[in-house]
Amino acid sequence: MDNEIFDFFNTDLQFIHGVGPVLASKFNEVLGGRRVLDFLLHIPSYVRPREILDSVVGAQNGDTITISLQIKSHKKGGVFRGRRAPTQIVCADKFAAPVTIQFFNTKFLDYWTEKLPIGAWRIVSGKLDFNSRGAIINHPDFIETPENAYKIPAHQAIYPSGEGLTQKNFANVRDEIFKIMHERIATYKLSERMMELLDALEHVHFPESNDDLAPNGTYVAKLAYSELLAHQSAIAINRRMRISQKNTRPVRESKKNLVDKFYEILPFQLTGAQQRTIDEIFADFKKPVPMMRLVQGDVGSGKTMVAMAAAVKMAESGAQTVILAPTDTLAQQHFAKLQPMCEKLGLYCDILTGRDKGAPRREKLISLKSGRTKIAIGTHALFSNDVEYKDLGLVIIDEQHRFGVDQRSAIRAKGNNPDMLALSATPIPRTLSMTVYGDMDISIINEKPAGRMPIKTSKLPIARADALIERIKPQIDNGAKVFWVCPLVAESENSDMMAAEARFNELNKHFPGTGLCHGQMDKKQRDGVMNEFADVNSKMRVLVSTTVIEVGIDVPSATIMVIENAERFGLAALHQLRGRVGRGSKQSFCILLYGNNVSPDGIKRLDVLCETDDGFVIAEQDLMMRGVGELLGTKQSGWIQYHFVNYREHRDLFKLAQTAAMNNNDDDAVWAKTLRRIFNCSTIAGA
Ligand code: ADP
Ligand code: MG
């Protein structure tokens, strides 16, 4: 049945005719995989028409045109007195309007002059460059004889690409894959559903117009629904497994009362939302099935204390808790905050990160294994192979989306059906949270601690940065700390890097001791700078950072956040960044600096941030504006990256797929399993 086709789906692209290992690894980078299936799931973003025109007259600079040209003369290029001149093929269209074809790669001079003899006609397709010398096509995408004009696709599918891959590479692989597929299909006995799915894939890979690629067009909508069904069925299975008899654990007995003592030593009153969430967690502890709860709370809503309350409750029965943080710095910060409380409660709390080595590490492991350590804070080091727990009762995952499925199940495996508590600062709009986190119970902390002043947010053109520096001087003299974020699109983009370094040098002149933190520093250096900035007594008042500052880092004395080229970030990412300030009792500010090339839409997005502080409203807006290009920070923001699903356009499909997944019959179940295989959806409970 349908399983047969997975042999083909799983074929390594390097075995596709014309590919080979080098190209396959380039595809791997763009596709996130190197199987035929990975290619099939990567669909073109638009269609470029290449219908043949008679004349260049009327075409605009920058247009992609396809035109019949007659070759008139050759001007050989080469290197003349150190300057490189292109090879030029001077042509004319049917109405004698001149068009010049240029090649800069001087290695192929003779090749082109032979290929394009004077007097011959060719169909040439490429980007038109109108300048003072007339109409020029540099390095045409296609040059064909009139008989072979059919080789130029009238509607070319344009794939999202990456370094070292051309659209021709994509087209060739696609043609090969579908050729083989047609041969194979004849020998397989595929279900009708599979045939329909393959047909939809074929249509989107060979689109005839942009309508074929529209999110709500027949084909993409069908694929999106299939993808959602895969995810939703995985969620439904996970939920069923979780509440099934196999997955029970004993309800733990409290041996002493530590929670009341915890409330006593808290330096503040919990918010109503914090208390409600804690009550929900305690109620879960009383049930015979392990807890699987997600706490969603905006940045600064006080999730850490909720986690601590849960850990303290667990400790009442003698069981252990691990608190997993995505970075060393965050782990350290949690430890610094929670360890003194643990001491007052008579609980042994420890930290374990990748930095722990040798004898000290061994001692920590012994303490974990003996059960003396009741609360272990740390990074992935907490679930290394040689780490054992006496009785791991609760796993708390901070900023849960930063951990992969495998990591989450690795830590679960250290205990016997431990309770799970995930913390997330990404508010998912209510309409979607049920479907995105469908197998978890959700608590929402929708209230900020009392006395917090809203952060004053404003936007400013980058040209006014000097004035801004003057404005923050007095604040710094008064003890304020400043985060200054410069975006880095890709670590390899040196110009961005230089911009950040130039900004750092400049700020250092105004504010000596300014820190710099970027992705090319090693982790230790970076952590060092972060920790120094977080230290209340350090002289570092300003921190320039190219990488998105550690999610969750808490520097209460930081009251100013400047974000350069804010228009390049996603709204949710900006909101997260802004949440790094406004944590103390002083008024905080966020200044969004925008570049010269900002679009009207970009300004509109920044306005949303200036107007509201409500993470749910921002998440909703982020969702609505999603899909307009790649914005920074969207990958980290906790949204599932789908192949075909568009959050904005396919909202109705979420509910449909969810309902279908919950009510499926045997036939559907087989198909859902196939879809999960295609879309790589794991069904480990809790994954
Ligand atoms: P997040 O939800 O972003 O993880 P944190 O747990 O780091 O937020 O809390 C942010 C800050 O607010 C911390 O300094 C914390 O001590 C403080 N805090 C938490 N709860 C309260 C409260 N109920 N009242 C006052 N301050 C609080
Ligand atoms: Mg936090």
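Read the numbers this way: they start at 1 and go in the same order the structure lists the ligands and their atoms. Everything quoted here is computed from the prediction, not taken from an experiment.
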Of the backbone atoms (N, CA, C, O) and the side-chain heavy atoms from C-beta on, which set of [X] has a member under 4.0 Å from an atom of ligand 1: side chain, backbone, both, or neither?
| X | result |
| --- | --- |
| Arg452 | side chain |
| Thr304 | both |
| Gln274 | side chain |

For the pair Asn417 (side chain) and Arg249 (backbone), establish whether a donor and an acceptor sit closer than 3.5 Å, ignoring hydrogens and angles.
->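 No, because the side chain of Asn417 does not come within donor-acceptor range (under 3.5 Å) of the backbone of Arg249.
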Close approach, Ser301 and ligand 1, non-hydrogen under 4.0 angstrom =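 Yes.
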Report yes or no: does a heavy atom of Gly300 sit under 4.0 Å from some atom of ligand 1?
->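 Judged by the 4.0 Å heavy-atom criterion, Gly300 does count as contacting ligand 1.
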For residues [X] and [Y], is any side-chain donor paired with an opposing acceptor at under 3.5 Å?
| X | Y | answer |
| --- | --- | --- |
| Thr373 | Ser367 | yes |
| Arg578 | Thr457 | yes |
| Arg541 | Thr514 | no |

In terms of ring plane angle, is the pair Phe285 and Phe282 parallel, tilted or perpendicular, where the classes change at 30° and 60°?
->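 Aromatic pair Phe285/Phe282 classed parallel.
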Indicate, with yes or no, if the rings of Phe504 and His518 have centres closer together than 6.0 Å.
->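 Not close enough - the centres of the two rings lie 6.0 Å or further apart.
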Derivation of the salt bridge (charged side-chain N to carboxylate O under 4.0 Å, His left out) call for Asp279 and Arg276 | CA-CA 5 Å; Asp279 293 344; Arg276 195 186 55 237; over 6 Å; no
Show the atoms of ligand 1 that are less than 4.0 angstrom away from any heavy atom in [X].
| X | answer |
| --- | --- |
| Gln269 | 22 (C), 23 (N), 24 (N) |
| Lys337 | 13 (C), 14 (O), 15 (C), 16 (O) |
| Leu270 | 23 (N) |
| Thr271 | 23 (N) |

Over all atoms of both residues, closest heavy-atom pair of Ala325 and Leu330 =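 Result for this residue pair: CB-CB, 4.0 Å.
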Within the structure, does Met305 bring an N/O atom to less than 3.5 angstrom of an N/O atom in ligand 1?
->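 In fact, backbone or side chain, Met305 has no N or O that close.
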Ignoring angles and geometry beyond distance, decide whether Val299 reaches within less than 3.5 Å of ligand 1 through its nitrogen or oxygen atoms.
->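 Val299 vs ligand 1: no N/O contact under 3.5 Å.
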